[in-house]
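The structure under discussion appears below in the form of structure tokens.
The sequence lines fix the lettering, A, B, ..., with proteins before strands; numbering per chain opens at 1.
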Amino acid sequence: MMAMENLDPTPPVSGMHLLAEPSLAAKAAYDKRWQRIMDCVALKQSDRMPVALFTTFWLAKYGGISIRDNMYDYEKVADIMERACLEFEPDITTPVMENASIGNVLEATGFKQLQWPGHGVGDNQPYQYLDREYMMAHEYDDFLLDPTGFFLGKYLPRVAGAFEGLEPLASLSGNMYYGISFASILFCLPQVQEALGKLAMAGGAVANHMNKTGGLVQRLRCLGFPYGFGAFSGAPYDVVADYMRGAKGMMTDLYRHKEKLEEVFDKVRKLVIRQTIAMAKMNGNPLVFIPLHWAPDAFMSQKQFEKFWWPSFRQFMLDLIDADLIPVPMWEADCTKRLEVIKDIPAGKCIYWFERTDMVKAFEVLGDVVALRGNISASALTTGTPEDVDKEVRRLGDQVWNKGGSLILDAAFGIPDESSIENVRAMFSAARKYAG
Amino acid sequence: MDNDLTDEERQLVTWLADMNEDDALPLANRMLLEGKKNPMRVLELCRAAMDIVGKRFEEGEYFLPELVLAGEMLDTIGAVAKPLIKQGEGGEAVKLGKILIGTVHGDLHDIGKNIVSFMLDINGFEVRDIGIDVPVKTFIQEINDFKPDVVGLSGFLTLAFDSMKETIDAFEKEGIRNNFKVMIGGGQIDETVRVYTGADAFGVNAVEAVNLCKIWMEAA
């Protein structure tokens with residue numbers, strides 16, 4: 001999801017109102033699917049194990065288009081998405097418009113943190129994140145003092161070209177009384193005007209994208225399928241590590257700047273939570289998808305995890321829960337050693353999606369606290385046979401769902417882009433064969 | 001080595017191994033620039049400290065942050081020490097074996113690969129790291145030039161499965177596949193992927209990579 005603050009005031013989902021309302025049958029199908037997910041969250045079982053269709057660029061393979069087309073051609077992607085939903089009948093669908101069809105949005109803003117087809121990687125390669133220091137260690141204090149000033153003056157121009165030129169605006173919060181009137185002169189500066197012009201164009205592209213997204217959400221609703229997530233977000237530690245300090249910078253900061261980190265994570269949490277709640281409310285969907293990058297067992301010691309990583313994320317989830325939202329953290333890689341720690345959250349409020357953590361073990365530890373999601377392996381889906389996939393689904397069906405677990409079946413990290421269509425079919429049909 | 005150390009030398013090893021960068025770096029600088037200590041000796045002390053770091057990593061006390069910080073401390077001291085080494089002095093220690101490592105084509109990830117390179121290096125292997133997004137052709141050229149005992153293929157994305165398979169298939173076609181062992185590693189790699197790609201082994205972390213290389217070198 002893209003931030004809408006300060007952008008073109010066009011209503012983001014105006015296209016929705018032009019579309020038909022769902023038929024009674026579609027509404028009933030939608031409600032039933034949605035209820036399966038909500039039952040899982042509430043740690044209850046419904047008529048069958050729900051199955052998610054979550055993809056990045058797999059729809060390109062399914063629909064026979066290039067990944068580049070997947071990134072840019074909303075109409076084609078929407079058609080393919082509809083076809084995939086009608087074939088697989090998932091209980092929850094992928095937020096394809098937000099995670100894999102964002103070429104025009106990235107292009108319009110001159111986004112620099114990713115390479116994508118048409119921008120740095122080949123037409124059939126997925127996008128890749130460019131791990132860099134986007135904020136220097138010595139800038140922590142600037143960020144803490146005035147995050148918006150730091151964003152305008154330093155961070156935004158570093159990560160997105162459309163913001164280049166806004167640097168003089170970083171001083172706005174230093175003005176007072178009628179000095180504020182004089183400060184408007186900043187907006188006469190040619191570099192600021194040029195940037196504002198570019199951003200107005202970019203905002204238009206984003207509004208167009210969000211209209212299309214609204215259209216797709218409603219189109220799927222009319223077919224009876226709940227759409228992806230209400231918001232996309234990040235754990236405070238990960239936001240700093242991934243998007244600001246870079247992997248190496250963050251890891252060394254655990255020693256070099258450890259005294260500042262708690263305050264930084266707290267500040268980031270408060271800023272990100274505000275935006276996350278606003279997005280989810282605007283989209284009318286309580287599910288908040290939070291891919292987690294730095295929690296895995298192998299990345300830091302348990303002591304570091306409990307000191308630096310978990311406290312701000314736990315509070316982040318509690319904030320979401322307080323706002324009647326449902327955190328869906330995706331615990332990447334293997335987080336088995338973290339299970340006892342991450343259990344400390346109110347029961348029946350979250351969906352924990354595990355990538356490589358053994359789901360049976362996760363069920364033992366967390367079964368009475370959170371719903372589970374995942375985790376058919378990427379290797380089975382990409383290099384295995386339908387029989388291999390069937391076997392993995394059966395294991396989870398038998399050992400989690402059929403033992404009372406609230407499991408939403410999904411691939412470990414969503415369907416890998418390279419998965420064969422037969423293997424994906426096997427995942428869905430096995431789910432129905434072994435778990436309702 | 002421990003018995004031969006002066007108090008100052010022991011202090012440097014301890015501070016480096018304990019991640020006490022604030023004290024270790026000034027001490028190393030003093031030893032090199034003011035004490036006129038033989039730079040080869042300072043680098044030996046660094047090596048001894050890195051042995052301890054490696055052991056702590058293997059034992060589950062240290063994790064990625066410590067390996068990264070240790071690597072940075074080592075680089076900083078090396079940058080001061082290396083220009084002070086007189087020609088012909090010291091000489092390289094005997095290496096356990098030669099390892100060529102790179103991230104396969106289509107994948108730009110390098111953090112895991114860099115950690116593996118670092119761990120292999122501090123464990124006494126001669127490592128040639130040929131970077132990220134490495135075309136098959138480049139792997140073959142580098143192998144023919146370096147003549148490694150082990151080739152490590154790294155990849156984080158699922159597309160790397162096919163790139164690894166293609167790369168290993170190309171080794172077969174070139175008739176060089178039996179000249180070295182192939183290990184693979186990265187976020188999603190497991191036994192299913194190993195079989196698919198035709199690699200000899202896979203590892204889930206840097207310690208496993210080091211152990212694989214040690215076992216292969218002992219058997220050779």
Side-chain angles (χ1 to χ4, degrees), chain A residues 56-58 67 114-115 120-122 124-131 241 246-256 258 293-294 296-305 308 332-334 337 355-356 377-385 388-389 392 411-419, chain B residues 18-22 24-25 56-57 59-73 75-76 103 105-112 114-115 132-133 156-165 184 186-198 202-208:
Chain A
T56 306
F57 292 119
W58 184 75
I67 290 182
L114 279 177
Q115 289 186 326
V121 298
N124 269 311
Q125 283 181 272
Y127 45 59
Q128 305 214 24
Y129 184 70
L130 299 176
D131 178 51
K248 220 171 166 179
M250 186 73 244
M251 286 193 271
T252 53
D253 287 351
L254 293 184
Y255 283 90
R256 291 176 180 160
K258 54 178 178 286
H293 301 144
W294 290 97
D297 294 348
F299 282 8
M300 63 175 80
S301 71
Q302 195 71 2
K303 211 169 129 188
Q304 287 165 335
F305 178 77
F308 294 113
E332 289 189 9
D334 186 355
K337 287 186 201 157
E355 185 192 0
R356 293 187 75 165
S377 71
S379 61
L381 282 163
T382 53
T383 69
T385 61
D388 296 327
V389 175
E392 287 201 18
F413 193 85
I415 308 288
D417 305 339
E418 302 80 8
S419 307
Chain B
D18 291 349
M19 303 290 124
N20 183 350
E21 185 183 30
D22 290 344
L25 296 186
R56 289 180 185 170
F57 182 75
E59 287 161 3
E61 182 186 345
Y62 279 177
F63 288 79
L64 301 190
E66 289 75 21
L67 294 188
V68 169
L69 186 60
E72 290 211 348
M73 290 192 286
D75 286 348
T76 307
T103 302
H105 68 88
D107 201 324
L108 308 178
H109 290 85
D110 65 354
I111 297 172
N114 294 348
I115 298 275
I132 55 172
D133 194 13
F156 179 75
L157 302 172
T158 47
L159 66 75
F161 304 166
D162 282 325
S163 300
M164 287 175 176
K165 183 174 166 51
I184 59 173
Q188 310 279 340
I189 305 295
D190 60 13
E191 176 60 15
T192 309
V193 180
R194 185 200 69 75
V195 172
Y196 177 75
T197 58
F202 77 99
V204 298
N205 60 41
V207 174
E208 288 193 11

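Between B:N20 and A:Y255, the side chains place no donor N or O within less than 3.5 Å of an acceptor N or O (distance only, hydrogens not considered). For the residue pair A:E418 / A:T382, no side-chain donor-acceptor distance below 3.5 Å is found, with atom types taken as modelled.
Ranked by heavy-atom pairs shorter than 4.5 Å toward chain B, the options A:T252, A:D297, A:L254 are led by A:T252. Between chain A and the options B:Y196, B:F161, B:F63, B:F156, the largest number of non-hydrogen pairs under 4.5 Å is found for B:F63. Per-residue counts of heavy-atom pairs under 4.5 Å with chain B were compared for A:Q304, A:Q302, A:R256; the largest is that of A:R256. Among B:H109, B:E61, B:E72, the residue making the largest number of heavy-atom pairs under 4.5 Å with chain A is B:E72. Contact tally against chain A (heavy-atom pairs below 4.5 Å) for B:V195, B:D190, B:N205, B:V193: the top residue is B:D190. For the set A:M250, A:M251, A:E332, the count of heavy-atom pairs under 4.5 angstrom toward chain B peaks at A:M251. Comparing B:D133, B:D110, B:L69, B:I111 by how many heavy-atom pairs each has under 4.5 Å with chain A, the most go to B:L69. Interface summary for chain A: among B:L64, B:N114, B:T197, the most heavy-atom pairs under 4.5 angstrom belong to B:L64.
Neither the backbone nor the side chain of B:I115 comes within contact range of chain A, judged by heavy atoms closer than 4.5 Å. Interface remark: B:E21 contributes side-chain atoms only to the contact with chain A (heavy atom separation under 4.5 Å). For chain B, the nearby parts of A:A378 are the backbone and the side chain; heavy atoms of each come within less than 4.5 Å. Interface residue B:L159: backbone and side-chain heavy atoms are both found under 4.5 Å from chain A.
Within 6.0 Å of NZ in B:K165 there are more than 12 heavy atoms belonging to other residues, nucleotides or ligands. The number of heavy atoms from other shown groups lying within 6.0 Å of CZ (A:F413) does not exceed 12.
Annotation: side chain of A:Q125 is not in contact with side chain of A:I67 (no heavy-atom distance under 4.5 Å). In this structure, the side chains of A:T56 and A:P126 stay at 4.5 Å or more apart for every pair of heavy atoms.
Of all non-hydrogen atoms in B:T158 and A:D417, the two that sit nearest each other are OG1-N, 4.3 Å.
Ring pair A:F299/A:W294 is tilted by interplanar angle, where 30° to 60° counts as tilted.
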